[in-house]
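Some notes on the structure that comes next.
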Amino acid sequence: MASRLASRLLLRPTATICILRSCRHVRHFSTQLLEGVPRYSKPTREHYFLPNASPYQLWSRSFASENGDLVEAVVPFMGESVTDGTLANFLKKPGDRVEADEPIAQIETDKVTIDVASPEAGVIEKFIASEGDTVTPGTKVAVISKSAVPSEAHVSPPEETSQKETPPPPAEKDKVEEKSPKVEPVKTQEPKLTTPPLKSSPSEPLLPPKERERRVPMPRLRKRIANRLKDSQNTFALLTTFNEVDMTNMMKLRSDYKDKFVEKHGVKLGLMSCFVKAAVSALQNQPVVNAVIDGDDIIYRDYIDISVAVGTSKMNFADIEKGINNLAKKATTGALSIDEMAGGTFTISNGGVYGSLISTPIINPPQSAILGMHSIVQRPMVMDGKIVARPMMYLALTYDHRLIDGREAVLFLRRIKDVVEDPRRLLLDI
């Protein structure tokens with residue numbers, strides 16, 4: 001990433017120089033620095049630009065006000081391909097105490113949710129931006145006071161009301177008004193209407209009341225997913241081929257070595273690592289599945305990047321399981337970075353964890369195929385002329401038929417089936 005921090009050199013406890021590899025400028029945060037740099041009477045921040053500066057837009061964060069007590073939290077850099085985002089929600093309220101680097105707000109982009117952190121420890125004085133605003137890197141979000149005292153649960157003290165004596169009720173009049181006798185009107189019976197009540201036409205549907213509906217704005221991430229999936233349907237010639245795989249040997253392998261695997265590698269042995277290895281082998285046998293159409297050209301990729309893990313012939317089951325487990329935890333907490341979500345030449349989707357028996361996954365551009373895993377179900381199968389129960393899984397491969405012919409797709413899925421049913425093929429490369 002162009003603006004990734006290259007190095008940090010600590011000169012003194014009060015001086016820090018940050019050098020960016022591509023932006024090539026020095027940020028000055030303190031009142032004292034090296035010899036030859038003038039001293040300042042109050043905390044300031046300056047930029048020293050070096051030759052051949054990066055073309056990327058630079059932004060800075062103001063860490064101190066004129067009196068040095070107020071600091072501002074700003075939107076961080078969100079990635080080279082992300083120019084703006086939506087302020088989704090605030091995680092704190094004015095008057096809350098926050099620590100340094102503690103998230104106070106969340107920015108929702110087309111790809112990932114990014115936290116806005118407090119640059120210093122202090123108390124949130126006010127919010128500058130509002131929820132729903134479109135913000136860019138460097139936009140000020142909140143003002144934080146380093147010396148303020150946090151408010152107690154944001155509850156205002158009860159107002160002291162003076163005890164005022166209520167005036168006594170007015171004295172009753174001595175004079176009693178004479179009541180005139182009531183005259184009851186003569187009740188007349190009105191003729192009853194014999195017109196039947198109007199009935200709704202059978203052609204008019206009974207719609208639910210509007211008050212039982214909720215309309216909320218679509219999140220940017222969901223909007224981006226919707227646009228990409230629809231573009232995939234409109235662009236690709238989607239076709240899905242199916243096969244089924246016997247999971248007996250793979251499940252036995254996992255059962256026999258699961259304890260030793262955890263003891264050595266510190267992670268459980270799952271099924272996804274086997275399918276990743278099988279997909280790598282199948283992509284090496286059918287490189288067109290790893291390619292993509294770009295205009296009038298075909299781009300053949302000489303590397304393999306599978307969904308949440310980089311799959312190469314040198315990765316073992318433990319490396320894949322650790323990578324998947326690490327990324328799964330980040331995805332659960334919303335801590336995935338742009339770099340970790342970028343790229344990818346082939347995707348594996350496991351709908352079986354939700355109980356899906358069979359489905360037709362949609363390709364994620366700019367890829368050309370996607371493998372769908374499903375739930376494992378005991379089904380009667382014919383083995384050596386006998387009907388036996390076997391743990392079976394349906395596999396689905398959706399591919400771009402403009403680039404991949406049916407022959408390559410079937411051979412690709414067949415290779416995954418063979419490797420999963422007999423993992424020894426990976427060792428013998430057959």
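Nothing fancy with the numbering, it's 1 onward along the sequence. From a predicted model like this one, the values you see are computed outputs, not experimental measurements.
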Where do T347 and N364 land on the side chain to side chain donor-acceptor pair (under 3.5 Å) test, with the steps shown first? CA-CA 8 Å; T347 297; N364 180 31; 4.5 Å; no
Stepwise, does the side-chain contact (heavy atoms from CB on, under 4.5 Å) test hold for M373 with M272? CA-CA 9 Å; M373 298 169 53; M272 180 61 74; 4.0 Å; yes
Given the rule in the side chain to side chain donor-acceptor pair (under 3.5 Å) test, do T109 and R220 qualify, once you have shown the distances and angles that lead to the verdict? CA-CA 6 Å; T109 69; R220 290 175 64 103; over 6 Å; no
Given side-chain contact (heavy atoms from CB on, under 4.5 Å), test I416 with V420 step by step and report yes or no. CA-CA 6 Å; I416 292 181; V420 173; 4.2 Å; yes
Decide yes or no on side-chain contact (heavy atoms from CB on, under 4.5 Å) for V74 and V116, but give the supporting numbers first. CA-CA 7 Å; V74 301; V116 177; over 6 Å; no
The test is side chain to side chain donor-acceptor pair (under 3.5 Å); show your working for D84 and T136 and say whether it passes. CA-CA 4 Å; D84 59 24; T136 58; over 6 Å; no
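In this structure, S232 contributes its side chain and P365 its backbone to no donor-acceptor pair below 3.5 Å. The closest donor-acceptor contact from the side chain of S368 to the backbone of A291 lies under 3.5 Å. Judged by distance alone, with hydrogens and angles left aside, the side-chain atoms of S118 form no donor-acceptor pair with the main-chain N or O of A100 at under 3.5 Å. The backbone N or O of Q106 sits nowhere less than 3.5 Å from a side-chain atom of D115 that would complete a donor-acceptor pair. A donor-acceptor distance shorter than 3.5 angstrom exists from the side chain of D133 to the backbone of S130, with no hydrogens or angles considered. Side-chain N or O atoms of D405 include none that pairs as donor or acceptor with a backbone N or O of R407 at under 3.5 Å. Judged by distance alone, with hydrogens and angles left aside, the side-chain atoms of D69 form a donor-acceptor pair with the main-chain N or O of S147 at under 3.5 Å. Looking only at distances, a side-chain donor or acceptor of T398 sits under 3.5 Å from a matching main-chain atom of P361. Using a distance-only test at 3.5 Å, with no hydrogens or angles considered, no donor-acceptor pair links the side chain of R97 to the main chain of V123. In terms of modelled atom types and a separation under 3.5 Å, the side chain of D400 and the main chain of A237 share a donor-acceptor contact.
Between L229 atom CG and I363 atom CD1 the span is 11.0 Å, to the nearest 0.5 Å.
Within the structure, the ring-ring contact (aromatic ring centres under 6.0 Å, His included) test picks out the following pairs touching residues 349-400 (sequence neighbours left out): Y399-H401. Counting only residues at least two apart or on different chains, the salt bridge (charged side-chain N to carboxylate O under 4.0 Å, His left out) pairs with a member in residues 369-382 are E244-R379. Listed by first then second residue, pairs satisfying ring-ring contact (aromatic ring centres under 6.0 Å, His included) with a partner in residues 108-143 read F90-F127, not counting sequence neighbours. Pairs engaging residues 221-232 under the salt bridge (charged side-chain N to carboxylate O under 4.0 Å, His left out) rule: none recorded [sequence neighbours left out]. For residues 381-396, the salt bridge (charged side-chain N to carboxylate O under 4.0 Å, His left out) pairs, not counting sequence neighbours, are D246-R390.
In this structure E131 satisfies the salt bridge (Lys or Arg N to Asp or Glu O under 4.0 Å) test with no other residue, sequence neighbours excluded.
Counting heavy atoms of neighbouring residues, nucleotides and ligands inside a 6.0 Å radius, atom CD of E263 does not exceed 12 of them. The 12-atom threshold is not exceeded at OH of Y257, counting heavy atoms of other residues, nucleotides or ligands nearer than 6.0 Å. In the displayed structure, I387 atom CD1 is contacted under 6.0 Å by at most 12 heavy atoms of other residues, nucleotides or ligands.
Residues E120 and K146 are not paired through a salt bridge, judged by the lack of any N-O separation under 4.0 Å between the basic side chain and the carboxylate.
With F346 as reference, L371 is the one residue of I370, I304, L371 to meet the side-chain contact (heavy atoms from CB on, under 4.5 Å) rule.
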